[in-house]
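Below you'll find the structure, written out as structure tokens, and then a few comments.
Heads up: numbering here begins at 1 and tracks the sequence. For the numbers below, each heavy atom of this structure counts, side chains included, while hydrogens, waters and symmetry mates do not.
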Amino acid sequence: MQFNQNYLRLQESYLFSDIAHRVQKFAQAHPDAKILRMGIGDVTLPLAPAVVSAMRAAVEEQGRAQTFRGYGPEQGYDFLREAIRGYYARRGISLAADEIFVSDGAKSDLGNILDIFDVCNTVLIPDPVYPVYVDTNVMAGRKIVFADAVRANGFLPMPDEKTDADIIYICSPNNPTGAAYTKAQLQAWVDYANARGAVILYDAAYERFVTEEGCARSIFEAEGAEECAIEFCSFSKTAGFTGTRCGYTVVPQALKRNGISCNKLWLRRQTTKFNGVAYIVQRGAAAVFGEEGERQIEENLAVYRRNAARIAACLDRLGVFYTGGKNSPYLWLECPGFADSRKFFDYLLEKAAVVGTPGSGFGKNGEGYFRLTAFASEEATAEAAERMERLLG
Ligand code: PLP
């Protein structure tokens, strides 16, 4: 018996456990300090009332013999897939219901999708980025090459003809940098992928945060994307589902390689290894697309946008370089006066009791940068901005 040796090649997430440890130590040493947590990627506002009431009604249905439902379709109920189809249609993107797969969140699908790709493929991953892409490929033993996301390219790497890749990850708006591709930039990636027969894995977990004209919210805004791209979406950050768990993945029927349908393989994978998302949760998710639900989640998003604007204004006044905040709940700043992002983390914690995330946790290009999030309460965000201004001004 042998364990999967690739797991031994994973980098221990020292940074994130180390951060938690340091915050805990600080809290113990300063029991009266009000620690402001601006580092977490979790939401704080509750579910929208329309979602709660849809879920309540679904609980009632599950409690009555006449309306009880057992196993549902692995790909998701028609009512939710239709609602998602409508959401895309309103943005001018035409999908068929069987191209939409409902899941318990983007993270699972981003990891699970790798089941259908050979281990001999080379993957291209931006650096810095959400660490799940790297770790899931290390687990499988796939070769990884990196696309540098740096200040010079606005943290938005573009295709490089010299790089050979079979699977390309794009995260837009990006975690952690907050940078979002325009439709024209995505078109270049789609053309590059189609020319090489590569597949793009497009993570749109933050698409609803996009506000700037010209920035894309879906890879399917680019022509020909249905022949090369899979899109991952989530209700987590846009509708507060981080603890409720629901997402969806779009696998176009037109995406084929060597005559093999990607949609067919993913359907086979899901029907074999996945038994669907709870009916109650899917009813809640469908309510997000109703008139009331849309309005209510937009109200919540407006709070996070105000928070982002408040942090951005503080950084502007301090003259600190940053990106993000406009199309994203993340602000990505150059550590003022520090080359080492962990040292800046310590400084901010010790002197202002404000917690952020050192950029080095997201890849080598993240060193020297720092991620702040807009997900804290408005009060905590205002106070954190004040404290940072006092400390760094
Ligand atoms: N994709 C990105 C870029 C994320 O930042 C996150 C969560 O932080 C996820 C996916 C995970 O989303 P979910 O909660 O749907 O699993």
Evaluate the ring pair (Phe, Tyr, Trp, His ring centres under 6.0 Å) criterion for residues Phe235 and Tyr248: first the C-alpha distance (whole Å), next the side-chain angles of each, then the deciding distance (0.1 Å), finally the verdict. CA-CA 8 Å; Phe235 295 93; Tyr248 55 92; 5.6 Å; yes

What pairs with His21 under ring pair (Phe, Tyr, Trp, His ring centres under 6.0 Å), at least two apart in sequence or on another chain? none

Count the heavy atoms belonging to other residues, nucleotides or ligands that lie under 6.0 Å from CZ of Arg268, then report whether that count exceeds 12. no

Are Arg283 and Tyr279 in a cation-pi setup, meaning NZ or CZ lies under 6.0 angstrom from the ring centre and within 45 degrees of the ring axis? no

Check whether any side-chain N or O of Asn153 sits under 3.5 Å from a backbone N or O of Asp148 as a donor-acceptor pair, and report yes or no. yes

Would you compute the distance between atom CZ of Phe362 and atom OG1 of Thr357 and round it to the nearest 0.5 angstrom? 5.0 Å

Would you indicate whether Glu223, at its atom CD, is surrounded by more than 12 heavy atoms from other residues, nucleotides or ligands within a distance under 6.0 Å? no

Side-chain donor-acceptor pair present, Asn300, Gln296, cut-off under 3.5 Å: no

Any donor-acceptor N or O pair under 3.5 Å, side chains Glu227, Asn194: no

Do the side chains of Arg217 and Glu231 get close enough for a salt bridge, i.e. N-O under 4.0 angstrom? no

Quick one: does Gln62's side chain have a donor or acceptor within less than 3.5 Å of a partner on Arg69's backbone? yes

Looking at Phe101, I'd like to know if the NZ or CZ of Arg269 sits under 6.0 Å from its six-membered ring centre while staying within 45 degrees of the ring's axis. no

Could you please spell out the steps behind the salt bridge (Lys or Arg N to Asp or Glu O under 4.0 Å) verdict for Glu60 and Arg56? CA-CA 6 Å; Glu60 289 300 325; Arg56 270 209 187 104; over 6 Å; no

Is it the case that one hydrophobic cluster holds both Phe370 and Leu318, taking links as side-chain heavy atoms less than 4.5 Å apart, direct or via other members? yes

Can you tell me which residue among Asp109, Thr271, Ile230 is in a side chain to side chain contact (heavy atoms under 4.5 Å, CB included) with Trp266? Asp109

Whether Ser103 side chain and Gly105 backbone form a donor-acceptor pair below 3.5 Å: yes

Heavy-atom donor-acceptor pair, Asp127 side chain to Ala147 backbone, under 3.5 Å: no

When you measure from the side chain of Asp104 to the backbone of Arg245, do you find a donor-acceptor pair of N or O atoms at a distance under 3.5 Å? no

Enter the distance from Leu110:CG to Thr249:OG1 here, rounded to the nearest 0.5 Å. 7.0 Å

Can any side-chain N or O of Lys237 pair as donor or acceptor with the backbone N or O of Gly41 at less than 3.5 Å? yes

Got a second to check how far Phe209's CZ is from Cys215's SG, nearest 0.5 Å? 14.5 Å

Do side-chain atoms of Thr67 reach the backbone of Glu61 as a donor and acceptor pair under 3.5 angstrom? yes

In the single-linkage hydrophobic clustering (I, L, V, M, F, W, Y; side-chain heavy atoms under 4.5 Å), do Leu114 and Val145 co-cluster? no

Residue set satisfying salt bridge (charged side-chain N to carboxylate O under 4.0 Å, His left out) with Glu74, at least two apart, ordered chain then number -> none

Does Phe155 have its ring centroid less than 6.0 Å away from the ring centroid of Tyr369? yes

Thr136 side chain vs Tyr133 backbone, donor-acceptor pair below 3.5 Å: yes

To the closest 0.5 Å, what do you measure between CG (Leu315) and CG (Leu333)? 5.5 Å

So, Gln5 side chain and Phe3 main chain: donor-acceptor pair closer than 3.5 Å or not? yes

Relative to Phe321, does Arg151 satisfy both conditions: NZ or CZ under 6.0 angstrom from the six-membered ring centre, and within 45 degrees of the ring's axis? yes

side-chain contact (heavy atoms from CB on, under 4.5 Å) between Arg306 and Glu378, worked out: CA-CA 8 Å; Arg306 277 201 297 278; Glu378 289 193 276; 2.9 Å; yes

Taking it one step at a time, do Arg208 and Glu294 satisfy salt bridge (Lys or Arg N to Asp or Glu O under 4.0 Å)? CA-CA 11 Å; Arg208 277 220 199 218; Glu294 285 265 2; 3.0 Å; yes

Measure the CG-OH distance between Leu201 and Tyr169 for me, rounded to the nearest 0.5 Å. 5.0 Å

Looking at Arg342 and Asp346, is there a salt bridge between them, counting it only when a charged N and a carboxylate O are closer than 4.0 Å? no

Are Val134 and Leu124 co-members of a hydrophobic cluster defined by side-chain heavy atoms under 4.5 Å apart? no

Applying side chain to side chain donor-acceptor pair (under 3.5 Å) to Asp160 and Tyr192, what does each step give before you reach the verdict? CA-CA 9 Å; Asp160 174 357; Tyr192 169 85; over 6 Å; no

Is there a path of hydrophobic side-chain contacts, each under 4.5 Å between heavy atoms, that joins Ile280 and Phe68? no

Just say parallel, tilted or perpendicular for the rings of Phe344 and Tyr347, cut-offs at 30° and 60°. tilted

Ignoring hydrogens and angles, state whether a donor on the side chain of Asn307 or Arg310 is under 3.5 Å from an acceptor on the partner side chain. no

Quick one: ring pair (Phe, Tyr, Trp, His ring centres under 6.0 Å) partners of Tyr330, sequence neighbours excluded? Tyr206

Under 4.0 Å between a side-chain nitrogen and a carboxylate oxygen: does that hold for Glu299 and Arg295? yes

Measuring from atom CG of Asp166 to atom CZ of Arg142, what distance do you get when rounded to the nearest 0.5 angstrom? 10.0 Å

Sidechain N-carboxylate O distance under 4.0 Å for Asp98, Arg81: no

Is Ile170 reachable from Tyr130 through a run of I, L, V, M, F, W or Y residues, each pair having side-chain heavy atoms under 4.5 Å apart? no

Could you tell me whether Glu291 atom CD has more than 12 heavy atoms of other residues or ligands within 6.0 Å of it? no

Sidechain N-carboxylate O distance under 4.0 Å for Glu161, Arg196: yes

Other residues, nucleotides and ligands only: do more than 12 of their heavy atoms fall within 6.0 Å of CD on Glu212? yes

Any donor and acceptor pair, going by atom type alone, linking the side chain of Arg85 with main-chain N or O of Ala96 inside 3.5 Å? no

